[in-house]
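We name chains A, B, ... by the order of the sequence lines, and we start the count at 1 in each one. Computed from heavy atoms alone, side chains included, the values below leave out hydrogens, waters and symmetry copies.
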Amino acid sequence: MSPADLAPISALLIVALWAIALLIVDLFVHRKGATALIAAAGLLFALSVLILRPGSPQTVFGGMIVADTYARFLQGVFLLTGLAAIAVAHDYLSRMGIERGEYYPLLLFTISGMMLMSLAGDLIVVFVALELLSLPLYVLAGFARPRPESEESAMKYFLLGAFASGFLVYGIALVFGATGTTNLAGVAAELSGGAGLLRVGAILVLVGLGFKVAAVPFHMWTPDVYQGAPSAVVAFMSVGAKAGGFAALLRVFIAALPDLAAAWAPLTIALAALTMAWGNIAAIVQGNIKRMLAYSSIAHAGYIFMALPAASLPAVAPGAVSAALFYLFAYLFSNLGAWAVVVAVERMEGGGLQIDDYAGLSRRRPGLALAMALFMLSLTGLPPTVGFVAKFFIFRAALDAGQLGLAVVGVVTSVISAYYYLRVVVVMYMRSGEPETRSEGWLNATIGVTALATFVFGILPGPILTLAENSAILGVLR
Amino acid sequence: MTVPVEYVIALSGVLFVLGVLGVLVRRNAIVMFMSVELMLNAANLAFIAFARARLALSGQVFVFFVIAVAAAEVAVGLALLVSIFRSRHSIDVDQVSSLKG
């Protein structure tokens, strides 16, 4: 390692060091709003470093870190998610009586884990990043203790998350046994020996990461965790943890195991189809908005998963990866916005969480209802929102790869999803009611910005699409 | 006399399956967590065996990472479970199940 190695990961270093410093600074800060501001300043600093000092794609730390455009794009997504999460959380925490200073350092730690995940060039780094991402999230899920739902959510998340890490580690052990290396590029070069061992290892890695992104049949924890955890935390982890999981999935399977594609492509097709179908069907019967959005997030994991089998064909791979990157970007705005609205409507003691509680929202808060309607349209995938563009490109990637069946499943399940997304819109606009909502500057700003982005990038997706296309070359590895 | 690597891998496979079964079958959160640790240590055993068979040190390095991360996991996990035990006087996962839908 040389000092020059540090430059490509400067954004990650800023976030990690800022989190450590914030732990100490927080002891001397009595108004937790100040902690939130300092944390946001750190993320903004990292984001500006990321944008203003691009640097050329390179491999550092002896192949452990691959700082390419793919990693840069995803790091930007994580930092934006973190900023929005802080803006949503501050008022929510004080309103729910769980305002503790550790919240923001924990948030920064998990963001640094996600950033490390996107930079990983070695399975060791994938594992460490996954744990750095997960451990603070377990604590955040239980942040509203001693509220029983929050504790239960943290316990379920923790037990199943640790279970998933077990699969991942054993999978990595078998991949190491088959190839003699844990370096992604090294694995790709060593595919000859012990194909059976490698195959089992790859499947176990797929299971471990499938848990993280909540793919069916490894999704069981998602509804319970999302329902029980504080809404502001879920707003963050539904986007961040998923993007982190996909950052690793795409990198590991496309960069390290391309020659094994014949083995994992059919599996990922099945996973994607199952995830889309079950997520959307189970969401229909949910009366609780948090559970409904949890199943919705499972369904969207299925859509992003479609990129993986498509990327098994080298010719389609860049298009598929850029479609997945754009989807994550689109999902960031539409989903975080929807959760921010949930935060605005939620009341103490778990009130305001049923879909029926949204009745009459269009009269009392027309702006909020309009924003929610926009997010629902975007999650359904209807124009003129960014969700439509995202789905279009991911379906096109599947068609380019000749996976007509998968694309059909995607379209049909999108139609099914319209039922439960538009039900929220119907309840907001057609039924009368007196919802109590929270109106606070930062929360409103988050909802406004995410709604604006959902709309604007739906009409003018060009710049981000170009950025995603430039980021889809998995750097030095391929 | 050296033990063939296949034997060690077979043992680690058995330990891993035992760990998986433990998580799936047992209802006490602490025992489930212990089973997860068993899965991680099965992976450690496999790493060591492969590292010796292939004379590649990175496998042994990985074990240190797994041990360190497992320790961090224990710290977080036991704190969560103690906190739940305080409020519910039980860590049976079937009793801690108010979230359904």
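- The local environment of CZ in B:Arg27 is crowded, with over 12 non-hydrogen atoms from other residues, nucleotides or ligands closer than 6.0 Å.
- The distance between the ring centers of B:Phe62 and A:Phe127 falls below 6.0 angstrom.
- Residue B:Val5 does not touch chain A at all, counting heavy-atom pairs closer than 4.5 Å.
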Determine whether B:Phe50 and B:Val8 satisfy the following criterion, side-chain contact (heavy atoms from CB on, under 4.5 Å), listing intermediate values before the conclusion. CA-CA 9 Å; B:Phe50 284 132; B:Val8 185; over 6 Å; no
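- A:Asp356 CG to A:Arg423 CZ: the interatomic distance, rounded to the nearest 0.5 Å, is 8.0 Å.
- The parts of B:Val93 that come within reach of chain A are both its backbone and its side chain, each placing non-hydrogen atoms under 4.5 angstrom from that chain.
- Contact of A:Phe163 with chain B is made through backbone and side chain together, with heavy-atom distances under 4.5 Å.
- With A:Arg291 contributing its side chain and A:Tyr226 its backbone, the two residues share no donor-acceptor pair below 3.5 Å.
- Atom OG1 of A:Thr179 and atom CG of A:Leu174 lie 10.5 Å apart (nearest 0.5 Å).
- Ranked by non-hydrogen atom pairs under 4.5 Å with chain A, the options B:Ala68, B:Ala75, B:Ser12 are led by B:Ser12.
- A donor and an acceptor atom, one from each side chain of A:Tyr419 and A:Asn280, are nowhere located under 3.5 Å apart.
- Your options are B:Leu38, B:Val63, B:Leu40, and the one with the most heavy-atom pairs under 4.5 Å with chain A is B:Leu40.
- Donor-acceptor pairing under 3.5 Å is lacking for the side chains of A:Ser296 and A:Tyr420.
- No other option in B:Ser83, B:Ala46, B:Gly59, B:Ser58 has as many heavy-atom pairs under 4.5 Å with chain A as B:Ser83.
- Between A:Tyr157 and A:Phe211, the gap from one ring centroid to the other reaches at least 6.0 Å.
- With a 4.5 Å cut-off on non-hydrogen atoms, B:Arg88 touches chain A through its side chain but not through its backbone.
- Proximity to chain A (any heavy atom under 4.5 Å) is shown, for B:Ala51, by both the backbone and the side chain.
- Considering only heavy-atom pairs separated by less than 4.5 Å from chain A, the leading option among B:Val69, B:Leu55, B:Val76, B:Leu81 is B:Val69.
- For a residue to count as touching a neighbouring chain, one of its non-hydrogen atoms must lie under 4.5 Å from one of that chain's; by this rule B:Leu24 touches chain A with the side chain only.
- Heavy atoms of A:Ile172 lying under 4.5 Å from chain B belong to its backbone as well as its side chain.
- Heavy atoms of A:Pro223 lying under 4.5 Å from chain B are absent altogether.
- Residue B:Phe16 touches chain A through its side chain alone, counting heavy-atom pairs closer than 4.5 Å.
- Neither the backbone nor the side chain of B:Ser35 comes within contact range of chain A; no heavy atoms are under 4.5 Å apart.
- For chain B, the nearby parts of A:Glu149 are the backbone and the side chain; heavy atoms of each come within less than 4.5 Å.
- Each of B:Ala49, B:Gly19, B:Ala70, B:Ser87 has some count of heavy-atom pairs under 4.5 Å with chain A, and the biggest count is that of B:Ser87.
- Only the side chain of B:Leu80 comes within contact range of chain A, with heavy atoms under 4.5 Å apart.
- A donor-acceptor pair under 3.5 Å is formed between the side chain of A:Asn183 and the backbone N or O of A:Gly63.
- Between the CG atom of A:Leu123 and the CG atom of A:Leu130 there is a distance of 12.0 Å, given to the nearest 0.5 Å.
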